[in-house]
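Report on the following structure.
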2 protein chains.
Amino acid sequence: MDGRRARGERRRQAILEATLRVIERDGVSGVSHRSVAREAGVPTTSTTYYFASLDDLLIATLTWSADKLADDISGLIVKLVDAPDSGVGEITQRLADLVGVHRGRTMAEYELYLLAARRPELKSAARRWLDLITEAARPYNTDPVAFRGFLAALDGLLMQGLIADEPPSVSDLEPVVSYLIRPQEHLDRLRGGTMGA
Amino acid sequence: MDGRRARGERRRQAILEATLRVIERDGVSGVSHRSVAREAGVPTTSTTYYFASLDDLLIATLTWSADKLADDISGLIVKLVDAPDSGVGEITQRLADLVGVHRGRTMAEYELYLLAARRPELKSAARRWLDLITEAARPYNTDPVAFRGFLAALDGLLMQGLIADEPPSVSDLEPVVSYLIRPQEHLDRLRGGTMGA
DNA sequence: GAACTTGTGGGACACTCGTTCCAGTAGTTG
DNA sequence: CAACTACTGGAACGAGTGTCCCACAAGTTC
């Protein structure tokens with residue numbers, strides 16, 4: 001075991017983490033070799049030593065971050081599919097956190113989305129959490145159409161939560177999430193049948 | 001009437017349009033005084049003459065673009081609320097266009113979203129189409145919760161459409177849109193009741 | 001016509017950027 | 001110890017940046 005390589009790996013990781021912090025704070029446009037190096041407390045050349053180009057650094061950071069998030073989410077989803085009733089509350093709470101406490105993190109995630117729209121090599125990383133959730137839900141025989149609508153709505157609620165004057169609270173989100181997960185009960189309550197739109 | 005001012009106003013508008021083209025092509029990060037000037041075919045100093053700073057230029061472009069889109073959309077929505085049946089097809093077609101032919105435009109719109117998440121002065125512009133649609137739907141007494149879910153899902157379908165390997169087609173989108181607009185009929189068809197997730 | 005306002009556009013300054021070069025250090029292997 | 005490898009970090013180059021300055025042209029008003 002080479003001690004040099006071990007320390008190098010640690011520094012590489014520190015650079016990734018610093019990059020994510022910069023993205024959360026200033027957005028992708030705030031990322032430069034120098035800004036990341038400053039954030040990580042390393043000389044400018046370190047960032048070029050470990051990542052051939054700025055693009056490499058960005059891609060490495062965003063895929064790593066997406067992986068982290070996907071792992072983070074998968075447990076939640078299993079719980080939701082298993083026990084929808086308690087799941088609604090947990091999903092709602094998580095959404096509120098994502099547009100509140102972890103706002104910066106969520107913005108970073110959507111910067112990845114947008115970057116992926118222009119760079120094919122990032123697409124699979126951006127879709128990571130979607131794929132993971134879809135996979136987790138497959139054995140439960142969920143209605144695929146409703147499920148796709150549900151996932152789309154999650155993304156929309158987050159994006160719209162980011163541009164609200166203040167982050168939506170749990171009680172703001174709860175009705176919508178509950179409707180999305182158990183639409184039938186909501187519709188029964190209305191005795192309507194269609195949403196009219 | 002001052003001929004100088006009129007020509008100036010036209011040039012200002014040309015700069016806005018050039019900026020939007022640059023954003024559609026290269027993203028917000030591709031916008032600089034020089035790149036916009038080149039695109040518009042005007043000298044570099046024109047862009048600083050009409051817009052005090054690059055930030056002003058960006059904000060002016062994005063609010064103008066958002067207004068244009070909102071106007072564009074409002075007609076569609078009225079039709080949808082009036083006649084849901086034919087509306088499904090039109091909405092679906094429009095969505096397919098937005099992730100297909102008008103992909104660049106849609107990406108520009110979501111760059112605005114993300115920028116707005118970091119700059120309060122852009123928030124109202126970013127929410128413009130949401131507000132407009134909500135307003136248009138109000139007199140029809142639409143169930144607000146389902147409607148919010150619907151709008152969120154639209155955003156999500158677009159974003160997810162942007163990061164798909166190939167843009168979703170009309171037939172990909174139709175079932176989901178149809179479900180979102182008339183969930184009861186979809187659920188009846190399943191004879192299930194809940195989506196199970 | 002002269003005095004003015006409005007728009008034009010070339011040039012330049014100070015700065016940040018990505019990236020490369022390269023001499024030096026610390027750790028590993030023989 | 002010597003040869004080698006992995007990493008460090010200062011310095012610099014060329015390119016692009018935002019923004020300001022200023023001489024000038026064109027249109028308007030008196």
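Reminder, nothing fancy here: chain letters follow the sequence lines and each chain counts from 1.
B:Glu17 meets the salt bridge (charged side-chain N to carboxylate O under 4.0 Å, His left out) test with no other residue; sequence neighbours excluded. When the salt bridge (charged side-chain N to carboxylate O under 4.0 Å, His left out) test is applied to A:Arg103, no partner is found at least two apart in sequence or on another chain. For B:Tyr50, the ring-ring contact (aromatic ring centres under 6.0 Å, His included) test picks out no residue, with sequence neighbours left out. Checked against side chain to side chain donor-acceptor pair (under 3.5 Å), B:Arg7 has no partners two or more places apart in sequence or in another chain. Looking at residues two or more places apart in sequence or on another chain, you find no ring-ring contact (aromatic ring centres under 6.0 Å, His included) involving A:Phe51. The salt bridge (charged side-chain N to carboxylate O under 4.0 Å, His left out) search around A:Asp55 returns A:Arg119, not counting sequence neighbours. Partners of B:Asp2 according to the salt bridge (charged side-chain N to carboxylate O under 4.0 Å, His left out) rule, which considers only residues two or more places apart in sequence or in another chain, are B:Arg4. Not counting sequence neighbours, the partners of B:Asp155 by the side chain to side chain donor-acceptor pair (under 3.5 Å) test are A:Gln160, B:Tyr110, B:Tyr113.
One interatomic measurement links the two molecules: CZ of B:Arg5 to P of C:dT8, which rounds to 13 Å at whole-angstrom precision.
Contacts of residues 13-28 of chain A with DNA chain D (heavy atom under 4.0 Å): none. Contacts between residues 33-63 of chain B and DNA chain D, defined by a heavy-atom separation below 4.0 Å, involve B:His33, B:Arg34, B:Thr45, B:Thr48, B:Ser53, B:Leu54, listed by number.
Residue pairs satisfying the salt bridge (charged side-chain N to carboxylate O under 4.0 Å, His left out) criterion with at least one member in residues 29-41 of chain A, sequence neighbours excluded, are listed as follows: A:Arg21-A:Glu39, A:Arg25-A:Glu39.
The closest donor-acceptor contact from the side chain of B:Thr106 to the backbone of B:Leu98 lies under 3.5 Å.
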In B/S/- notation, 5' to 3', how is nucleotides 25-30 of chain C contacted by protein heavy atoms closer than 4.0 Å?
-> -BBS--

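Distances shorter than 4.0 Å separate some side-chain N or O of B:Arg11 from OP1 or OP2 on C:dT8.
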